[in-house]
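Every chain is numbered from 1, with letters handed out A, B, ... down the list of sequences. FYI, side chains are in, hydrogens and waters are out, and symmetry mates aren't considered; it's all heavy atoms of this structure.
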Protein chains: 2
Amino acid sequence: MSNNLEFITKLRASGLRPTKQRISICEVLFSPAETFHFSINELVKIIERKTNHKISLATIYNTIHAFKKKGYLKEIAINSDQSYFDTNTTDHHHFYDEQKKELIDIHNSEIGPIKINKTIPGKKIKSVEVLVKVETDY
Amino acid sequence: MSNNLEFITKLRASGLRPTKQRISICEVLFSPAETFHFSINELVKIIERKTNHKISLATIYNTIHAFKKKGYLKEIAINSDQSYFDTNTTDHHHFYDEQKKELIDIHNSEIGPIKINKTIPGKKIKSVEVLVKVETDY
DNA sequence: ACATAATTTATAACCATTCTAAACTAGAAG
DNA sequence: CTTCTAGTTTAGAATGGTTATAAATTATGT
Ligand SMILES: [Mn+2]
Ligand SMILES: [Mn+2]
Ligand SMILES: [Zn+2]
Ligand SMILES: [Zn+2]
């Protein structure tokens with residue numbers, strides 16, 4: 001409960017006041033050794049488990065969106081009824097298990113180069129993301 | 001207004017009764033020379049424009065889901081607040097313009113082979129989809 | 001024509017997300 | 001330290017896409 005200095009500094013540097021809610025969310029998101037994927041619902045549960053004071057749902061949404069805008073989180077393109085977020089903000093790709101609703105990273109080093117032999121006049125590429133749908137086999 | 005025979009046959013072959021609602025939706029979806037992408041909202045507007053009798057929203061959802069289950073439509077994985085569907089059911093990929101919310105096909109012949117050098121024990125690959133986000137440049 | 005299961009429909013329910021506007025707070029200034 | 005103010009949090013309402021419900025309608029086999 002306090003190498004918060006790092007997070008306070010990060011928040012301040014981003015023009016975000018280091019409130020106790022934001023610091024708690026930073027701890028949950030950015031303390032773990034490994035990056036991870038989450039839905040807002042899952043995040044709410046994690047926060048409830050790891051934090052004593054309650055954070056309102058609106059604040060969680062606000063904070064996640066603020067962090068996304070600052071580039072501290074990525075939103076992942078999955079056909080789903082809810083958004084998924086990723087604390088891994090590097091360019092990378094995903095396996096997605098539709099039954100388990102589980103996301104697994106594929107790092108750029110684990111995938112061959114992707115050649116797109118089609119251009120659209122007046123449009124430029126912002127990102128290229130590969131989604132590999134998998135199923136658990138019996 | 002009647003090479004419906006084709007659609008009636010198709011529906012019957014799928015175990016779906018050829019109601020006038022389903023036939024109308026078939027006409028809208030499968031008559032065009034080119035495949036296309038649509039959201040349910042867009043489809044509702046197209047149906048209103050091209051059809052005289054009204055089709056309830058519930059029926060449109062029901063039918064689209066039935067057609068998807070039969071493999072006549074694909075649902076496209078886009079991070080968005082609504083589902084997109086595709087009358088192109090072949091394996092292929094997409095450009096996505098987030099501002100215009102516009103999808104453009106990338107056929108398999110227009111993209112190099114995708115090599116995934118990572119396996120997950122107990123899981124097998126069902127599909128590999130590439131989403132290329134683009135922006136209109138000024 | 002009749003019977004029956006499938007289908008359609010209006011409407012309510014659901015649920016993730018966003019909005020609102022009032023209460024609270026961090027940080028700056030005096 | 002006190003005051004001021006913009007930024008933040010919050011509960012609750014609103015939104016919007018989608019799904020569920022259950023009654024009316026229809027397709028189809030007999
Ligand atoms: Mn879906
Ligand atoms: Mn979104
Ligand atoms: Zn990831
Ligand atoms: Zn397509």
Between D:dA27 (P) and B:Asn4 (CG): distance, integer Å: 14 Å

Polar side-chain atom of A:Asp105 near backbone of A:His107 as donor-acceptor pair, under 3.5 Å: no

When rounded to whole Å, the CG to P distance for the pair A:Leu11 and D:dG7 reads 16 Å

Determine: side-chain N/O of B:Ser39 to OP1/OP2 of D:dG17, distance under 4.0 Å, yes or no. no

Which class fits the ring pair A:Phe85 and A:His65: parallel under 30°, tilted 30 to 60°, perpendicular over 60°? perpendicular

I would like to know whether B:Glu98 and A:Lys126 meet salt bridge (charged side-chain N to carboxylate O under 4.0 Å, His left out); could you show each step before the answer? CA-CA 10 Å; B:Glu98 289 190 273; A:Lys126 283 173 62 185; 3.3 Å; yes

Which whole-number value in Å describes the distance from B:Ile47 CD1 to C:dT8 P? 12 Å

For each nucleotide in nucleotides 8-13 of chain D, reading 5' to 3', give B when a protein heavy atom comes within less than 4.0 Å of its base, S when such contact involves only the sugar-phosphate, and - otherwise. SBBB--

Separation of A:Gln82 atom CD from C:dC14 atom C1', in whole Å? 14 Å

Out of D:dT19, D:dA27, C:dT18, whichever nucleotide has its closest atom nearest the side chain of B:Tyr61: D:dT19

Rounded to the nearest Å, what distance is computed from the CD1 atom of residue B:Ile64 to the P atom of nucleotide D:dG17? 16 Å

Stepwise salt bridge (charged side-chain N to carboxylate O under 4.0 Å, His left out) test for A:Asp97 and B:Lys123: CA-CA 8 Å; A:Asp97 186 325; B:Lys123 295 194 176 175; 3.2 Å; yes

Using whole Å, report how far CD of A:Glu42 lies from P of C:dC15. 16 Å

Please compare B:Pro18 and B:Tyr84 by the position of their nearest nucleotide in DNA chain D and report the one closer to 5'. B:Tyr84

note: B:Lys69, atom NZ; C:dT7, atom P; distance rounded to Å ~ 11 Å

Please work out which of the three classes, parallel, tilted or perpendicular, describes the rings of B:His94 and B:His92, given edges at 30° and 60°. perpendicular

Flag this pair as yes if the NZ/CZ of A:Lys101 is under 6.0 angstrom from the six-membered ring centre of A:Tyr84 and inside a 45 degree cone about the axis; otherwise no. no

Phosphate oxygens OP1/OP2 of C:dT18: is one of them under 4.0 Å from a side-chain N or O of A:His65? yes

Walk me through whether B:Ser14 and B:Tyr72 qualify under side chain to side chain donor-acceptor pair (under 3.5 Å). CA-CA 10 Å; B:Ser14 309; B:Tyr72 304 147; 2.4 Å; yes

